[in-house]
Enquirer: 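Okay, handing you the structure first.
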Protein chains: 2
Amino acid sequence: MSKTQAVSVDSVAPLGPISPAKARILAVAVDLFHEKGYERTTVRDIAERTGILSGSLFHHFKSKQEILYTAMAMTTQAMGQSAEAAVTGVDDPVAQLKALILMELNSIHREDGHAAYVLVDEWRSLDPEHAAAVLKLRDGSYERCWMAALEGCADKGILKNNPRIARQLLRGALAWTRTWFRADGALTLPGLADEVCGTFLKS
Amino acid sequence: MSKTQAVSVDSVAPLGPISPAKARILAVAVDLFHEKGYERTTVRDIAERTGILSGSLFHHFKSKQEILYTAMAMTTQAMGQSAEAAVTGVDDPVAQLKALILMELNSIHREDGHAAYVLVDEWRSLDPEHAAAVLKLRDGSYERCWMAALEGCADKGILKNNPRIARQLLRGALAWTRTWFRADGALTLPGLADEVCGTFLKS
DNA sequence: AATAAAAACAAGCAAGCGCTTGGTTGTCAA
DNA sequence: TTGACAACCAAGCGCTTGCTTGTTTTTATT
């Protein structure tokens with residue numbers, strides 16, 4: 001009756017149950033978003049690769065935007081759990097930091113899916129309410145783990161920078177590896193993780 | 001001979017002369033690309049903020065894509081010149097490195113224009129031929145300056161990483177500052193440059 | 001076998017997109 | 001004054017976009 005592309009005004013819906021069909025669509029969408037970006041990916045692209053018609057997508061997601069939000073929120077939750085798993089039972093903050101760096105690198109460079117890429121690249125395509133929701137998820141667990149490890153290092157006097165600055169420099173450096181790191185060289189992911197860790201710690 | 005000639009000859013044309021009208025359009029486009037991204041920016045957006053009608057844009061540029069290419073190529077050339085200016089007359093590789101870091105930070109965080117943002121964010125929107133042309137421009141001067149400085153540091157044994165890896169980690173860390181650094185804090189750009197430089201050098 | 005819900009199809013709408021066309025205005029040199 | 005050309009306007013074309021609607025098929029439960 002008015003404009004298409006209605007944006008839900010109510011609070012951003014929490015992540016509902018992910019049916020197998022939803023999961024397949026999300027996997028396809030994430031790959032396409034990685035290849036071409038959200039804006040250049042059409043709902044027809046997603047439907048075709050999933051093996052259905054474009055209209056059928058909207059039986060599972062109420063909008064294209066919701067597909068992006070669901071993908072980013074899911075990935076954020078998964079990375080939060082990975083971060084917690086990486087540091088539980090590890091007391092030494094240096095070991096924690098090394099584990100987190102390797103964990104983030106693994107998430108970025110895993111072969112079966114490009115969810116972490118999307119999480120880095122598509123913030124501008126996510127409208128503000130959804131973005132705030134994802135950020136809240138991220139700060140709840142993922143960032144808490146990182147800051148704990150970095151502050152632990154700082155307390156021991158072996159961190160080169162202020163923890164907050166170190167976190168930002170690290171985030172940028174690690175995210176950028178997706179554009180240049182290829183695992184077939186002499187440098188492995190654990191090797192790179194060691195090197196990055198050594199860069200930010202006094203030696 | 002005419003004063004200004006439209007020079008788009010082959011598929012990827014070299015940068016022709018930039019008339020004042022073109023420059024104004026480019027400045028507007030760069031700001032919009034920074035705000036919303038290339039795909040979400042329409043030619044009507046650019047025209048409206050420039051103060052003309054959308055069709056008139058195509059008197060100056062033959063396509064929207066050419067606007068993006070011109071903006072990125074121009075910025076690349078400008079940054080190449082800034083890099084050369086930053087290191088000429090400087091012999092100490094550490095001083096060179098510090099100067100390059102500060103120069104890149106200044107380019108990213110200058111208030112009058114967001115060209116450097118576009119250069120980081122919009123590679124995926126630039127089609128392959130144009131992207132190759134811009135990359136060639138970049139490697140010709142900008143990257144050559146960086147590698148010379150980093151290799152100089154490595155030769156003196158004070159660089160923590162392999163120069164090539166250091167360059168990539170630095171690029172990621174510096175580019176990411178656009179998302180978190182705000183000049184109003186206690187940290188200034190030269191201060192940040194010093195800190196970053198110290199991180200990558202043995203102390 | 002009967003029923004209902006879930007999933008997918010078939011078709012297409014309204015809006016917006018990049019870009020083209022044909023004509024009008026402003027500028028300046030000869 | 002005139003001719004030439006660049007800059008711009010006015011209108012809209014052809015196509016793609018996200019999404020909707022009404023119907024049919026599949027699946028699960030009884």
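None of the values given here were measured: they were computed from a predicted structure. Order of the sequence lines fixes the chain letters, A, B, ..., with proteins taken first and strands second; residue numbering starts at 1 for each chain.
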Enquirer: Can you tell me how far C1' of dC17(C) sits from OH of Y38(B), to the nearest Å?
Expert: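 After rounding, the gap between these two atoms is 12 Å.
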Enquirer: When the distance from CD1 of I67(A) to C1' of dT17(D) is rounded to whole Å, what number comes out?
Expert: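 Computing the I67(A):CD1 to dT17(D):C1' distance gives 14 Å.
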Enquirer: By the 4.0 Å heavy-atom rule, please label S54(B) as base, sugar-phosphate, or nothing.
Expert: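 It contacts base atoms.
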Enquirer: Report the residue (T42(A) or G55(A)) whose heavy-atom-nearest nucleotide on DNA chain D is the more 5′ of the two.
Expert: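 The residue closer to the strand's 5' end, by nearest nucleotide, is T42(A).
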Enquirer: Are more than 12 heavy atoms, taken from residues, nucleotides or ligands other than E48(A), located less than 6.0 Å from that residue's CD atom?
Expert: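 No - once you tally the heavy atoms of other residues, nucleotides and ligands closer than 6.0 Å, there are 12 at most.
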Enquirer: Can you check the R40(B) CZ to dT17(D) P distance for me, whole Å?
Expert: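 Between P of dT17(D) and CZ of R40(B): 15 Å.
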Enquirer: Across the strands shown, which category fits T50(B) at heavy-atom distances under 4.0 angstrom: base, sugar-phosphate, nothing?
Expert: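 Result for T50(B) = nothing.
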Enquirer: Is there a salt bridge (charged side-chain N to carboxylate O under 4.0 Å, His left out) between K98(B) and D194(B)? Walk through the geometry before answering.
Expert: CA-CA 7 Å; K98(B) 205 170 285 192; D194(B) 272 355; 3.7 Å; yes
Enquirer: Less than 6.0 angstrom from the centroid, inside 45 degrees of the normal: does K64(A) satisfy that with respect to the ring of Y69(A)?
Expert: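 Ring-cation test returns no.
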Enquirer: Which whole-number value in Å describes the distance from R44(A) CZ to dG18(D) C1'?
Expert: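 Computing the R44(A):CZ to dG18(D):C1' distance gives 7 Å.
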Enquirer: For the pair made of NZ in K62(A) and P in dC19(D), what is the distance, rounded to whole Å?
Expert: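 Spelled out: NZ on K62(A) to P on dC19(D) is 11 Å.
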Enquirer: Strictly distance-based, threshold 3.5 Å: is any side-chain N or O of K160(A) a donor or acceptor partner for the main-chain N or O of G198(B)?
Expert: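 Yes, because the side chain of K160(A) sits within donor-acceptor range (under 3.5 Å) of the backbone of G198(B).
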Enquirer: Without decimals, in angstroms, what is the distance between F61(B) CZ and dA6(D) P?
Expert: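 My rounded result for the distance is 16 Å.
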Enquirer: Going by the side chain to side chain contact (heavy atoms under 4.5 Å, CB included) test, name the single residue among R164(A), R167(A), Q168(A) that passes it with W180(B).
Expert: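 Of the listed options, the one satisfying the test is Q168(A).
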Enquirer: Judged by atom type as modelled, is there a donor-acceptor pair below 3.5 Å linking the side chain of Q65(B) to the main-chain atoms of D127(B)?
Expert: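 Checked: pair present.
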Enquirer: Taking N or O atoms only and anything under 3.5 Å, show me the protein contacts with nucleotides 6-8 of chain C, one pair per line.
Expert:
| residue | atom | partner | partner atom | Å |
| --- | --- | --- | --- | --- |
| dA7(C) | OP2 | H59(A) | NE2 | 3.1 |
| dA8(C) | OP2 | H60(A) | NE2 | 2.7 |

Enquirer: How many whole angstroms separate atom NZ of K64(A) from atom P of dG16(C)?
Expert: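 Taking NZ of K64(A) and P of dG16(C), I get 16 Å after rounding.
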Enquirer: Report the distance from atom CZ of R171(A) to atom OG1 of T177(B), rounding to the nearest 0.5 Å.
Expert: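 If we round to the nearest 0.5 Å, R171(A):CZ and T177(B):OG1 are 13.0 Å apart.
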Enquirer: Rounded off to whole Å, could you give me the CZ-to-C1' distance for the F58(A) and dT17(D) pair?
Expert: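 In whole Å, dT17(D) C1' and F58(A) CZ are 10 Å from each other.
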